Asks: 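Have a look at this one.
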Amino acid sequence: MGLGPRSCHPAGRGFPAGGKRGRGAKGSGRPASSRQQPCPPPEGRSEPATDAHPHLSSEALGYFRRALSALKEAPEAGEERELMVHNVLKEVEAQALALATNRTGSEMLQELLGFSPLKPLCRVWAVLRPNLRFVACHRCGVHVLQSALLQLPRLLGSPAEEEEEEEEEENGKDDSLETVEELVLGLAAEVCDDFLFYCGDTHGSFVVRTLLQVLGGTLLDSERARHRGSQSPEAQRAPSRECKPTDFEVPETFLNCLQDLSSCFVKDIAVFITDKISSFCLQMALQILHRKLPQFCAHLCSAVIGYLSSRNSSADGSPLLLFLRDQTSSRLLEQVLLVSEPARLQSLFEDHFQGHLQTLAAHPIANFPLQRFLDAITTTELLSPVFEELSPALEAVLAQGHPGVVIALVGACRRVGTHQAQVLQLLLEAFHCAEPASRQVACVPLFAALMAYEVYYGLVEEEGAVPAEHQVEMATARDLGEVTVIGSLLLQHLLHFSSPSLVLRSLGALTGPQLLTLAQSPAGSHVLDAVLASPAVTRKQRRRVLKTLKGQYVALACSRHGSRVLDAIWNGAALGARKEIAAELGERNQELIRDPFGHHVARNVALTTFLKRREAWEQQQGAVAKRRRALSSILED
């Protein structure tokens with residue numbers, strides 16, 4: 001964001017949008033169309049490895065590659081597929097250790113486990129168990145163990161798996177084979193016996209984190225995606241509060257085992273606070289315990305805070321402040337803050353944070369746990385003193401490149417429902433558009449770009465001079481600036497305030513091309529989502545903003561993000577508005593059909609029906625509107 005000459009900071013600068021966190025530098029051919037099962041590998045491939053690093057022959061690797069391809073092409077259900085799965089996994093058993101510790105073999109084994117029924121999975125697991133320490137701390141083997149653990153939500157309590165288990169018991173098979181529950185508890189027991197080692201190992205800690213999730217019956221989407229390697233670096237840096245956990249039923253023995261593991265953290269709490277790798281395990285434990293065993297979570301939080309508070313006091317206050325500035329312990333404290341109850345947060349503020357919020361906000365590391373503290377606030381009693389202390393430094397915090405603190409403070413005002421008018425006024429002053437009042441209509445592009453008024457419009461103002469009035473012609477002639485992620489989040493929060501009229505008035509002042517640019521932006525499109533979703537925005541206000549897009553519907557439809565916005569507008573539109581949208585799109589029907597995004601919009605709008613059978617289209621849309629009203633009425637009741 002830019003800083004004007006009236007600020008105490010140097011003029012002409014742009015507010016940084018917030019950078020990286022300041023915590024250190026940072027084949028073989030397919031099988032025949034008849035899907036015959038591939039020939040097994042040559043004789044001798046099932047010989048157990050005699051050395052510490054079993055070797056996987058190229059012939060065996062080729063066999064498993066062909067087997068995996070055959071499974072992917074086989075029908076999703078049927079005896080042929082079941083027989084193929086059992087046969088392939090039978091071959092896996094003989095070379096499980098070699099596969100797990102081979103880079104390519106490990107990747108294939110992970111996929112094969114995704115096809116596995118319960119019993120074959122248990123057999124493979126049992127083969128790997130004698131070499132648990134070696135596999136868990138191997139850069140490839142660790143992913144196989146994770147994959148095996150992540151199959152449990154699919155297999156535990158599955159009716160098909162229970163029937164298979166009962167049938168095999170009746171036939172007297174596999175009497176000596178441990179159940180999946182026994183295997184998981186056995187893994188947990190071995191980990192518990194050498195807890196510090198597994199938690200402190202770069203690869204072994206991943207097994208501990210996945211094991212904690214399975215024992216608690218909760219999988220975090222971020223962990224599963226990271227295991228699949230499907231996350232972008234930006235997504236991986238997303239805070240843990242954005243995770244969407246998936247719960248599943250687990251035996252009572254799993255929760256009892258989770259309690260035992262939580263006590264292991266308390267025994268060596270100093271290690272888990274100060275060691276970077278081990279700390280990740282404690283952070284995961286806090287998330288799982290918070291959901292399933294809150295009393296144990298509170299006990300762990302007390303142990304962490306108690307240890308940190310007992311260290312030597314710093315010259316400027318509580319010893320906890322020193323750890324907020326530490327690369328490792330501050331991340332742990334973030335998680336502690338997110339899972340703490342309101343009473344603990346109030347106590348932390350009064351005993352440790354009060355009087356130091358502005359200093360923490362300016363620190364390159366401590367500003368992150370401060371953000372999590374603000375995210376966790378849910379009471380007026382806590383927000384009021386925090387707001388009073390932190391709000392005067394809002395512009396300075398933005399200038400220091402820590403806009404996340406401002407976003408968290410605005411989010412707290414939205415969530416608690418207080419200080420909303422005050423924080424909006426402070427934002428207008430920070431972006432230099434509070435006075436004269438005519439400048440306020442420009443707040444949306446300023447907030448979106450994180451730039452002060454004179455920087456955004458390229459003005460030069462003498463220090464102490466009276467700020468110039470807003471020039472509408474200048475504003476409409478300028479293209480909309482780049483929409484930052486932080487700016488988008490700020491606008492989304494403001495649109496959910498109890499009175500978002502100023503932001504809506506600014507949105508309504510944008511020209512059609514400017515609003516189109518906002519809708520087509522990856523970050524800006526979510527601002528329009530907020531306009532459509534916010535309960536504080538009336539239908540009349542919504543129409544006033546969206547009418548500017550008339551004439552831009554085709555360009556919206558042919559954009560990756562704009563098409564999603566248009567779909568959302570369509571879903572909430574009345575029949576009359578739908579007719580206008582369809583009529584505008586119908587004028588360029590062929591262009592839409594040829595476009596990779598536009599043809600989806602044309603299908604959703606039923607554009608062909610609209611153009612050829614208008615009466616049938618109107619009846620269809622009327623029926624859809626009636627169902628939507630009925631559903632809305634039910635939900636309101």
Side-chain angles (χ1 to χ4, degrees), residues 244 444 448 480 483 485 488-489 491-492 495-496 500 503-504 507-508 510-614 616-632 635:
K244 297 178 181 178
V444 163
L480 186 72
V483 182
V485 173
S488 173
L489 290 171
L491 288 170
Q492 291 173 56
L495 284 166
H496 280 85
V503 177
L504 291 169
L507 279 169
L510 297 178
T511 64
Q514 289 172 341
L515 196 59
L516 174 65
T517 300
L518 184 70
Q520 291 178 328
S521 163
S525 62
H526 294 289
V527 175
L528 290 176
D529 288 341
V531 172
L532 295 167
S534 173
V537 180
T538 66
R539 185 178 294 274
K540 183 177 180 181
Q541 290 172 323
R542 197 172 288 123
R543 282 201 303 266
R544 189 178 296 125
V545 171
L546 297 178
K547 71 177 183 180
T548 311
L549 286 173
K550 190 174 181 180
Q552 311 290 337
Y553 293 139
V554 174
L556 266 183
C558 295
S559 160
R560 176 187 295 273
H561 302 285
S563 61
R564 186 182 55 78
V565 171
L566 185 55
D567 282 339
I569 293 172
W570 175 265
N571 291 335
L575 182 59
R578 289 190 173 198
K579 286 181 182 179
E580 290 182 5
I581 295 172
E584 183 176 324
L585 295 176
E587 294 174 1
R588 295 164 66 179
N589 182 42
Q590 293 303 314
E591 181 180 340
L592 286 177
I593 292 174
R594 291 192 298 269
D595 186 83
F597 305 108
H599 82 273
H600 290 293
V601 174
R603 182 191 60 199
N604 293 343
V605 172
L607 201 53
T608 301
T609 306
F610 175 82
L611 294 173
K612 295 182 177 180
R613 302 193 307 277
R614 181 72 58 88
W617 182 88
E618 290 183 5
Q619 291 177 353
Q620 179 188 32
Q621 297 303 318
V624 170
K626 186 180 296 184
R627 287 197 300 270
R628 190 170 66 246
R629 285 194 299 271
L631 179 61
S632 177
L635 293 175

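As the structure is a computational prediction, the values presented were derived from the model and not from experiment. Counting begins at 1 with the first residue of the sequence.
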Asks: Can you confirm whether Leu504 sits close enough to Leu495 that some side-chain heavy atom of one is under 4.5 Å from a side-chain heavy atom of the other?
Replies: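 They are in contact (side-chain heavy atoms under 4.5 Å apart), so the answer is yes.
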Asks: Quick check: closest heavy atoms across Phe597 and Ser563, and the distance to 0.1 Å?
Replies: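 Shortest heavy-atom separation between Phe597 and Ser563 comes out as CB-OG, 4.0 Å.
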Asks: Nearest 0.5 Å please: distance from the CD atom of Gln552 over to the OG1 atom of Thr517.
Replies: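 Answer for the CD-OG1 pair, Gln552 versus Thr517, is 8.5 Å.
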Asks: Shortest non-hydrogen contact from Tyr553 to Leu546?
Replies: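 The answer is OH-O, 4.4 Å.
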Asks: Could you tell me the separation between the CG atom of Asn571 and the CG atom of Leu532, rounded to the nearest 0.5 Å?
Replies: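 Those atoms lie 9.5 Å apart.
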Asks: Given Val503, which of Val531, Val537, Leu491 fulfils the side chain to side chain contact (heavy atoms under 4.5 Å, CB included) condition?
Replies: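 Filter result, single survivor: Leu491.
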Asks: Is there side-chain contact between Arg560 and Gln520, with heavy atoms separated by less than 4.5 Å?
Replies: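 Heavy-atom side-chain distance check fails, nothing below 4.5 Å.
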Asks: Taking the side chain as every heavy atom from C-beta outward, state whether Leu592 and Cys558 have any pair of such atoms under 4.5 Å apart.
Replies: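 They are in side-chain contact.
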Asks: Take Leu556 and Leu549 through the test side-chain contact (heavy atoms from CB on, under 4.5 Å) and record every step on the way to the result.
Replies: CA-CA 9 Å; Leu556 266 183; Leu549 286 173; 3.9 Å; yes
Asks: Before giving the answer on side-chain contact (heavy atoms from CB on, under 4.5 Å), spell out for Val605 and Phe610 the whole-Å C-alpha distance, their side-chain angles and the decisive distance to 0.1 Å.
Replies: CA-CA 8 Å; Val605 172; Phe610 175 82; 5.7 Å; no
Asks: For Trp570, does its backbone N or O pair with a side-chain atom of Arg578 as donor and acceptor, under 3.5 Å?
Replies: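 A pair under 3.5 Å: yes.
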Asks: In Å, rounded to the nearest 0.5 Å, how long is the span from CG of Asn589 to OG1 of Thr608?
Replies: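 Output value for this atom pair is 5.5 Å.
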Asks: Calculate, to the nearest 0.5 Å, the distance between atoms CG and CG belonging to Leu507 and Leu518 respectively.
Replies: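 Answer for the CG-CG pair, Leu507 versus Leu518, is 7.0 Å.
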Asks: Look at the side chain of Gln514 and the backbone N and O of Thr511, then say whether any donor-acceptor pair between them is shorter than 3.5 Å.
Replies: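 Here the side-chain-to-backbone pair exists.
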Asks: Take Lys550 and Glu580 through the test side-chain contact (heavy atoms from CB on, under 4.5 Å) and record every step on the way to the result.
Replies: CA-CA 9 Å; Lys550 190 174 181 180; Glu580 290 182 5; 4.2 Å; yes
Asks: To the nearest 0.5 Å, what is the distance between CD1 (Ile593) and CZ (Arg603)?
Replies: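 That separation rounds to 12.5 Å.
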Asks: Do Val601 and Leu607 come close enough that some side-chain heavy atom pair is under 4.5 Å?
Replies: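 No, their side chains stay 4.5 Å or more apart.
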Asks: Is it the case that the side chain of His599 and the backbone of Pro596 share a donor-acceptor pair, with hydrogens and angles ignored and the cut-off at 3.5 Å?
Replies: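 Present.
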Asks: Could you report the tightest heavy-atom contact between Ser488 and Val483, atom names first, then the distance?
Replies: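 For Ser488 versus Val483, the nearest heavy atoms are CB-CG1, 4.4 Å.
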Asks: I need the minimum non-hydrogen distance between Arg539 and Gly572, along with the two atoms involved.
Replies: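 Nearest pair, atom of Arg539 first, then Gly572: NH1-O, 4.2 Å.
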Asks: For residues Thr538 and Gln541, is any side-chain donor paired with an opposing acceptor at under 3.5 Å?
Replies: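 Gln541 and Thr538 do have a side-chain donor-acceptor pair below 3.5 Å.
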Asks: Out of curiosity, Ile569 CD1 to Arg564 CZ, how far, rounded to the nearest 0.5 Å?
Replies: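 Nearest 0.5 Å value for the CD1-CZ distance: 10.5 Å.
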Asks: Answer whether the closest heavy-atom distance between the side chains of Glu591 and Asp595 falls below 4.5 Å.
Replies: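 The answer is no; the side chains never approach within 4.5 Å.
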Asks: Would the distance check show the side chain of Glu584 and the main-chain N or O of Gly551 forming a donor-acceptor pair, the cut-off being under 3.5 Å?
Replies: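 Indeed, once roles are kept as given, a pair shorter than 3.5 Å links the two residues.
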Asks: Could you tell me whether a side-chain N or O of Ser525 sits under 3.5 Å from a main-chain N or O of Pro522, the two making a donor and an acceptor?
Replies: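 Judged by distance alone, yes, a pair lies under 3.5 Å.
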